[in-house]
Student: 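Have a look at the structure that comes next, please.
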There are 2 protein chains.
Amino acid sequence: MALDFDNCYRALAARDRNFDGRFFVGVKSTRIYCRPICPARTPRRDRCSFYATATEAEAAGFVPCLRCRPELAPGNASVDAKAQLAKRAAVMLEKNAGLRIETLAARLGVTARHLRRALRDELGLTPTQLRQRSRIAKAKQLLQKTKLPLTRIAYDSGFASLRRFNAVFRQLEGRAPSALRKAR
Amino acid sequence: MALDFDNCYRALAARDRNFDGRFFVGVKSTRIYCRPICPARTPRRDRCSFYATATEAEAAGFVPCLRCRPELAPGNASVDAKAQLAKRAAVMLEKNAGLRIETLAARLGVTARHLRRALRDELGLTPTQLRQRSRIAKAKQLLQKTKLPLTRIAYDSGFASLRRFNAVFRQLEGRAPSALRKAR
DNA sequence: AATCTCGCCGCTTTCGGACGCGACAGTGGA
DNA sequence: TCCACTGTCGCGTCCGAAAGCGGCGAGATT
């Protein structure tokens, strides 16, 4: 699909994430240029001009927006904070599956409330769900790649009790842990 | 209307301002008591008990809510901040009709954005509209009680130009300044 | 002939949209 | 009984659009 004016404006109006980095928009009334995903309200069509790179927009006399920071590498702007946070939370949980949500949030520098919002928006999961997925993923590895007893696996994958391990496993995988191992 | 359980619960669910101060609600699950206008989510009906005074609720073992501060005189809680802010803004504009919104907000200790929201929610007006009403009210006084020339009145009521005075007066009063004077 | 009014017009301000992130209370699940 | 999760707000940031502002004059009024 060609990056012509119409397609760019449509992507801009929709804040379509797929177009982030593929073009930039300069707004005549403010002399500011943005990434297409910028949360600022959509500019009037007749005040937009589109550029393939930040450099070109800059050359045309536009100043970078302070929210989406089109002049920086993606991921460093405040507008990317939520996605960044979700990613970091996932990584931390991977490493340490027995972490209280409150503690996790504190380590990430936000409140638990905000962490939950970020995960909901980015992954559609609550922190607990994310943690359980981590644990079960690890458990499946161990189940298939080792011959460790289930009790051991439950602990190693972050569960504090066998009972929870069995319950969660069944809920996410639809069958008991031993069934998976048996099926090889 | 009697302050029975049903009426209290209805008022609570509606956060009806008219009932503020008339009763207090204790919530069993949290052992906290609130004013009926508290922004916290409405408690389940079967966990509510109602009291006529804060003291009674306290005596029943409830702890005061930190948001609506039922133990304080109304107006001192954070939940009353918006109404307070709106009132103070109106007073300041009355005194000093030639104040930039940004400056006014700063003096009140908030951002202009927040001041606008507060005025919208409390009075249904933008700061400018409020200011213009102040100015026009003062102008009407002078028009009817004195024989000062319009130029003078415009300045005294806070306008910085005759041009704006005429325009705003017409907009709010539906006629030109001289028309009011003529009509006595 | 003063004094008023009001259209035109560039320049500022103001206003609202869309988020970020915090606080606190209430519910429900393990 | 904790802990996790959600509802409901407060208040901040930044941006784009819209409105306000105040000269300049030309009619209109008195």
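The analysis underlying the following values was restricted to heavy atoms, covering all of them including side chains, and did not include hydrogens, waters or symmetry mates. Lettering follows sequence order; numbering is per chain, from 1. The structure presented is a predicted model; accordingly, all values stated were derived computationally and were not measured.
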Student: Using rotation axes that map the C1' atoms of four end pairs onto the next four (five pairs an end), what angle separates the end axes of the helix from C/dT5-D/dA26 to C/dA30-D/dT1, to 10°?
Tutor: 40°
Student: Scan residues 52-64 of chain B for pairs that pass side chain to side chain donor-acceptor pair (under 3.5 Å), counting only residues two or more places apart or in two chains.
Tutor: B/Tyr33-B/Glu58, B/Thr53-B/Glu56
Student: Looking at D/dC5, I'd like to know if its phosphate oxygens (OP1 or OP2) sit under 4.0 Å from a side-chain N or O belonging to A/Thr128.
Tutor: yes
Student: Check the pair B/Lys140 / B/Glu173 against side chain to side chain contact (heavy atoms under 4.5 Å, CB included), numbers first and verdict last.
Tutor: CA-CA 10 Å; B/Lys140 282 174 74 177; B/Glu173 295 295 314; 3.2 Å; yes
Student: Check whether any side-chain nitrogen or oxygen of A/Arg45 sits under 4.0 Å from OP1 or OP2 of D/dG16, and answer yes or no.
Tutor: no
Student: In whole Å, what is the span from the CG atom of A/Leu99 to the P atom of D/dA4?
Tutor: 10 Å
Student: NA contact type, B/Ala160, heavy-atom cut-off 4.0 Å: base, sugar-phosphate, or nothing?
Tutor: sugar-phosphate
Student: Within the 4.0 Å heavy-atom criterion, would you say B/Gln171 contacts the bases, only the backbone, or no part of the nucleic acid?
Tutor: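 The residue B/Gln171 makes no contact with any strand.
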Student: Once ring pair (Phe, Tyr, Trp, His ring centres under 6.0 Å) is applied, what residue pairs with a partner in residues 10-29 of chain A remain, sequence neighbours excluded?
Tutor: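 For residues 10-29 of chain A, and leaving out neighbouring residues, the ring pair (Phe, Tyr, Trp, His ring centres under 6.0 Å) pairs sorted by first residue read A/Phe23-A/Phe50.
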Student: Does any residue of residues 55-91 of chain A have a heavy atom under 4.0 Å from DNA chain C, and if so, which ones, in number order?
Tutor: A/Arg67, A/Lys82
Student: B/Asp121: which residues meet the side chain to side chain donor-acceptor pair (under 3.5 Å) condition with it, sequence neighbours left out?
Tutor: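 Side chain to side chain donor-acceptor pair (under 3.5 Å) list for B/Asp121, sorted by chain: B/Lys82.
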Student: Is the side chain of B/Ser78 donor-acceptor paired with the backbone N or O of B/Arg67 at a distance under 3.5 Å, no angle test?
Tutor: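 Such a contact is found between B/Ser78 side chain and B/Arg67 backbone.
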Student: Among all residues two or more places apart in sequence or in another chain, which pass the side chain to side chain donor-acceptor pair (under 3.5 Å) test with A/Asn18?
Tutor: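 For A/Asn18 there are no side chain to side chain donor-acceptor pair (under 3.5 Å) partners, ignoring immediate neighbours.
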Student: Report whether A/Leu162 and A/Leu148 are members of the same hydrophobic cluster (ILVMFWY, side-chain heavy atoms less than 4.5 Å apart, transitive linking).
Tutor: yes
Student: Counting only heavy atoms and a strict 4.0 angstrom limit, can you tell me which residues of residues 106-125 of chain A come near DNA chain C?
Tutor: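 When residues 106-125 of chain A is checked for heavy atoms under 4.0 Å from DNA chain C, the hits, listed by number, are A/Gly109, A/Val110, A/Thr111, A/Arg113, A/His114, A/Arg117.
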Student: Return a single string for nucleotides 24-30 of chain D, one symbol per nucleotide in 5' to 3' order, where B is base contact, S is sugar-phosphate-only contact and - is none, cutoff 4.0 angstrom on heavy atoms.
Tutor: B-----S
Student: In chain order, what residues pass the side chain to side chain donor-acceptor pair (under 3.5 Å) check against A/Tyr9, with sequence neighbours excluded?
Tutor: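 Counting only residues at least two positions away or on another chain, A/Tyr9 forms no side chain to side chain donor-acceptor pair (under 3.5 Å).
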Student: Take atom CZ in B/Arg17; do more than 12 heavy atoms of anything else shown fall under 6.0 Å from it?
Tutor: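 At most 12 heavy atoms, drawn from other residues, nucleotides or ligands, come within 6.0 Å of this atom.
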Student: So which atom in B/Ala89 and which in B/Leu115 form the shortest heavy-atom distance, rounded to 0.1 Å?
Tutor: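 For B/Ala89 versus B/Leu115, the nearest heavy atoms are CB-CD1, 3.8 Å.
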Student: Please report the shortest heavy-atom distance between A/Leu142 and A/Arg181, naming the atom on each side.
Tutor: O-NH2, 3.7 Å
Student: Return the set of residues passing side chain to side chain donor-acceptor pair (under 3.5 Å) with A/Glu94 (not counting sequence neighbours), or none when no residue passes.
Tutor: A/Ser134
Student: For residues 17-43 of chain A, which residues have at least one heavy atom under 4.0 Å from DNA chain C?
Tutor: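 Residues of residues 17-43 of chain A under 4.0 Å from DNA chain C: A/Pro39.
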Student: If you group Ile, Leu, Val, Met, Phe, Trp and Tyr by side-chain heavy-atom gaps below 4.5 Å, do B/Leu66 and B/Val25 land in one group?
Tutor: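 Result: no, two separate clusters.
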Student: What heavy-atom pair brings A/Leu180 and A/Phe169 nearest, and what distance separates the two atoms?
Tutor: CD2-CZ, 3.9 Å
Student: Looking at every heavy atom in both B/Ala54 and B/Pro70, which two are closest together, and how far apart are they?
Tutor: CB-O, 3.6 Å
Student: Could you check how far CD of A/Glu102 sits from P of D/dC5, rounded to whole Å?
Tutor: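 The distance from CD of A/Glu102 to P of D/dC5 comes to 11 Å, rounded to the nearest Å.
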Student: Rounded to whole Å, how long is the line connecting atom OH of B/Tyr155 with atom P of D/dC21?
Tutor: 14 Å
Student: Please test A/Arg69 against A/Val79 for side chain to side chain contact (heavy atoms under 4.5 Å, CB included), starting from the C-alpha separation and ending with a verdict.
Tutor: CA-CA 8 Å; A/Arg69 304 306 293 263; A/Val79 80; over 6 Å; no
Student: How many Å lie between CG on B/Asn166 and P on D/dG20, as a whole number?
Tutor: 15 Å
Student: Any chance CD of A/Glu102 has more than 12 other-residue heavy atoms, nucleotides or ligands included, within less than 6.0 Å?
Tutor: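 Counting other residues, nucleotides and ligands, CD of A/Glu102 stays at 12 neighbours or fewer.
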Student: From the 5' end of DNA chain C to its 3' end, which nucleotides mark the outer limits of contact with chain B, defined by a 4.0 Å heavy-atom distance cut-off (strictly under)?
Tutor: C/dC4 to C/dG28
Student: With a non-hydrogen cut-off below 4.0 angstrom, is B/Arg175 in contact with a base, only sugar-phosphate, or nothing?
Tutor: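 The answer is nothing, as B/Arg175 stays clear of every strand by at least 4.0 Å.
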Student: For DNA chain D, whose closest nucleotide is more 5', that of A/Gln129 or that of A/Arg47?
Tutor: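 On the 5' side of the pair lies A/Gln129.
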Student: List the atom of A/Thr126, the atom of A/Leu119, and the distance in Å for their closest heavy-atom pair.
Tutor: C-CD1, 4.4 Å
Student: Strictly distance-based, threshold 3.5 Å: is any side-chain N or O of B/Arg135 a donor or acceptor partner for the main-chain N or O of B/Gly158?
Tutor: yes
